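In this text, all values refer to a predicted model and were calculated from it rather than measured experimentally. Proteins come first, then strands; the chains are lettered A, B, ... in the order of their sequence lines, and each starts at number 1.
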Amino acid sequence: MSDAAKTKSADVAADPGRKSMDDIMALCKRRGFIFQASEIYGGINGFWDYGPLGAQLKKNLKDAWWQDCVLSPPTGPDGREVEMVGLDTCIIQHPKVWEASGHVGGFNDPRVDCKQSKGRYRADHLFVLQSTGKMLAKPMYAFIEGDEESEKRAYKLMAKYLKTNLPLPPDQTDVVPLAQIPLSEYHRLVGPDANEPGTLTEPRAFNLMFKTYVGATASEDDVAYLRPETAQGIFIQFKNVVDTSRVRVPFGIAQMGKAFRNEVTPRNFTFRSREFEQMEIEFFCHKDDAAKWYAFWRDWRLAWWRSIGLGSDNLQLREHDKDELAHYAKEGAGTSDIEYRFPFTYPGFGELEGVADRSDYDLRQHQEHARVKLEYFDTERGELAPNGQPKGERYLPNVIEPSAGADRGVLAVLCEAYTPDDTRPSKVYMKFHPRIAPIKAAVFPLVNKDGMPEVADKLARDLKKRYSIIETDAKQSIGKRYARMDEAGCPFCFTIDGDTLKDNTVTLRHRDTQEQERIGIDKVASFLGEKLGLQEN
RNA sequence: GCGGGUGUAGCUCAGUGGUAGAGCGUCACGUUGCCAACGUGAAUGUCGUCGGUUCAAAUCCGAUCACCCGCUCCA
């Protein structure tokens, strides 16, 4: 901050590397954006609550997403308005949902810790180089699959032990997966980063899902899980939506809601929380069109984040490398992350939204596990019948999934908006896009007498009928009230003064420039409507 | 999970064994007529929590919780 203080606010605003996360967190607490969950009990790791301003900010962000994705969707690559419907499914579903999705069984990969090097490894990524023949009490060397350095190290150590040169005689050693080494032999095992044997722990499972029980008896037969993603609720209701809402492929189903993951390390304020909210679209299309729709959503979602105020320099698109791809995306057209440059990731970026081609993986999995046909009959495809009509085609649609983190979105918006400015009394202001600003406007009587409060109250009441959150405040000096609004990120203030009583004009004060102008009191509503991007008249 | 750091008023922090502090903010009254103005006054703390040492602990010791940083992890 000491550097930032000497810098022009515009420079600081554009450069998150100059913003202090501590200062942003302090403001979030001070102004009631974000509180630590269960704070009076000492807090609870990985959980955060939203205060009055934060709750409104988050609601505005979610409303903007719902508005732009569901109620007023964009024009697709085929030139037509995208077809989209909403859905709201349960946090708790049948346990088999998570078996089908691969969340149970497939992904609670066991980990192995090294007591000496403090390293942690995926057990299925570790291989062991051992000498054959008389194995008793001889050391074995673990290395990481695909990691040449650790593999070379293991061979070098083995060569040293066998007192031979590299390459090792092939008949004296072999390589086996760690899983084949019995626990009783771990005392002979040298870890990939250790220099003595016996430092590796036994493989331990990490289950990232929250476990709970359905029913008051709570026996092991009643185990259920809190959803780790909202997506599966969409997949398992896919058939109902198709059967009841007249949608036709290509179309999307949108849903937002809480999801839960027992993150190993909750970190970076709300960025990695154990309870978080997702805004997900599952877009269903024919396999032949998947690449086209994937590119469309990837680009459109990036543009959307820009439209709500995330600066272009701090936002980037990153295509995943092949080896990064999740199990469900291996067959797809690709995965990319929309990333924001947070102060705590600077100069790197952190994921805001992932856009993935999930192929038909999920529908296929549920079709198999539930033994229910989930195929879609497309009447516009297939070869032509003699009457000139297509015969139709039956298929499992491909899925393009733009999956955004609502809390990460709020955090990015907070970081982007945070603008130190030593020249103004508040020393900082929150430069929210008017569309998502929690307080849209403030109405102040310049002084609390001479008929001004009455006029201000009337204007505020009129505005409140149409716009969310209009602040009124008649206490203390006008400068103090402007400063408070700067920290809350209120974009516009309207001040009633002596002249208002004579000529019906008010002072309009702009947050970002601190400029003032006079406009007619009857123009205030239409001005706000235009600035907030709402229909007026 | 490991290592380092931090935890005192709403916020930022001072306080190294002897009665709990400052600035800012908040609130009230007065004044003020466009940028945290001024005056007067007020409220606010089990010094993160629990335990130990001591005549006496915010201060020393132990444990624990939370947050920050670095590893690790993040389907």
Side-chain angles (χ1 to χ4, degrees), chain A residues 1 20-23 25-32 35-48 51 98 101-109 111-122 193 201 204 206-209 228-229 231 261-274 276 324-330 335 343-344 350-351 354 356 358 361 421 423-429 444-450 452 475-487 493-500 506-511 513-518:
Chain A
M1 261 311 291
S20 152
M21 205 58 214
D22 286 346
D23 291 343
M25 289 170 64
L27 183 139
C28 282
K29 169 78 186 285
R30 189 168 69 242
R31 288 286 122 160
F35 303 133
Q36 194 179 6
S38 302
E39 190 184 89
I40 63 169
Y41 286 99
I44 175 166
N45 197 352
F47 298 88
W48 300 88
W98 310 113
S101 68
H103 289 85
V104 179
F107 304 111
N108 51 354
D109 310 307
R111 313 278 156 162
V112 173
D113 288 327
C114 178
K115 292 174 207 158
Q116 187 197 11
S117 72
K118 308 305 180 192
R120 170 176 292 167
Y121 318 94
R122 273 179 63 164
D193 303 297
T201 66
R204 287 177 295 191
F206 281 68
N207 196 336
L208 267 47
M209 278 197 296
E229 63 178 20
R261 294 179 192 177
N262 255 322
E263 296 289 356
V264 178
T265 313
R267 270 296 162 83
N268 291 326
F269 204 20
T270 60
F271 184 79
R272 176 161 293 128
S273 299
R274 289 181 162 141
F276 58 101
E324 261 187 287
L325 293 181
H327 62 288
Y328 53 73
K330 292 267 195 281
T335 299
F344 51 80
E351 181 184 352
R358 295 180 75 125
Y361 177 88
D421 181 355
T423 67
R424 66 174 75 197
S426 59
K427 305 295 181 201
V428 63
Y429 66 106
F444 298 145
L446 182 58
V447 288
N448 201 14
K449 61 182 184 185
D450 299 341
M452 295 177 208
K475 303 291 177 62
Q476 307 201 25
S477 74
I478 190 70
K480 193 171 280 197
R481 285 177 275 166
Y482 285 155
R484 267 200 288 258
M485 287 300 107
D486 277 350
E487 272 205 336
C493 296
F494 302 99
T495 301
I496 313 302
D497 61 13
D499 289 345
T500 310
V506 300
T507 301
L508 159 58
R509 187 261 189 184
H510 295 266
R511 173 196 64 198
T513 59
Q514 298 176 275
E515 280 169 4
Q516 299 187 165
E517 58 178 305
R518 287 197 83 80

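- A 3.5 Å limit on both hydrogen-bonding distances identifies B/rC69 as the Watson-Crick or G-U partner of B/rG3.
- Between B/rU19 and B/rA58, the two C1' atoms lie 14 Å apart (nearest whole Å).
- Judged by atom type and distance alone, A/R509 reaches the base of B/rC35 through a side-chain donor-acceptor pair under 3.5 Å.
- Pair check for B/rG45 finds none; no Watson-Crick or G-U wobble contact set falls under 3.5 Å.
- Nucleotide B/rA36 has no partner under the Watson-Crick or G-U criteria, as no pair reaches both atom distances under 3.5 Å.
- A residue-by-residue look at A/N448 and A/K29 shows that A/K29 has its nearest nucleotide of RNA chain B further toward the 5' end.
- In terms of polar N and O atoms assigned as donor or acceptor, the side chain of A/Y482 comes within less than 3.5 Å of the base of B/rC34 in a complementary pairing.
- B/rA37 and B/rG51 have their P atoms separated by 45 Å, with the value rounded to a whole Å.
- Put simply, the side chain of A/Q516 and the base of B/rC35 share a donor and an acceptor less than 3.5 Å apart.
- In terms of the salt bridge (charged side-chain N to carboxylate O under 4.0 Å, His left out) criterion, residue partners of A/R31 (sequence neighbours excluded) are, by chain and number, A/E487.
- Taking side-chain N and O atoms only, A/Q476 has a distance below 4.0 Å to OP1 or OP2 of B/rC27.
- Figure legend. B/rG17 is base-paired to no nucleotide; pairs are counted as Watson-Crick or G-U wobble with both atom distances under 3.5 Å.
- A/N268 pairs by the side-chain contact (heavy atoms from CB on, under 4.5 Å) definition with A/F271, A/F344, not counting sequence neighbours.
- The residue A/D486 sits apart from the nucleic acid: no heavy atom pair falls under 4.0 Å.
- A donor N or O paired with an acceptor N or O is not found under 3.5 Å between the base of B/rC68 and the side-chain atoms of A/D22.
- As the counterpart of B/rC60, B/rG52 is assigned, both hydrogen-bonding distances of the Watson-Crick or G-U wobble pattern falling under 3.5 Å.
- Between B/rU53 and B/rG62, the two C1' atoms lie 11 Å apart (nearest whole Å).
- Separation of the P atoms belonging to B/rU6 and B/rU59 is 15 Å when rounded to the nearest angstrom.
- Counting only heavy atoms from C-beta on, A/R267 has its side chain closest to B/rG3 among B/rC34, B/rG3, B/rC67.
- B/rA22: Watson-Crick or G-U partner is B/rU12, with both key distances under 3.5 Å.
- The phosphate of B/rC65 (OP1 or OP2) has no side-chain N or O of A/N45 nearer than 4.0 angstrom.
- Nucleotide B/rG39 carries an anti base; the chi torsion (O4'-C1'-N9-C4 or O4'-C1'-N1-C2) is more than 90° from 0.
- In this structure, A/W48 and A/R261 both approach RNA chain B, and ranking their closest nucleotides by distance from the 5' end singles out A/W48.
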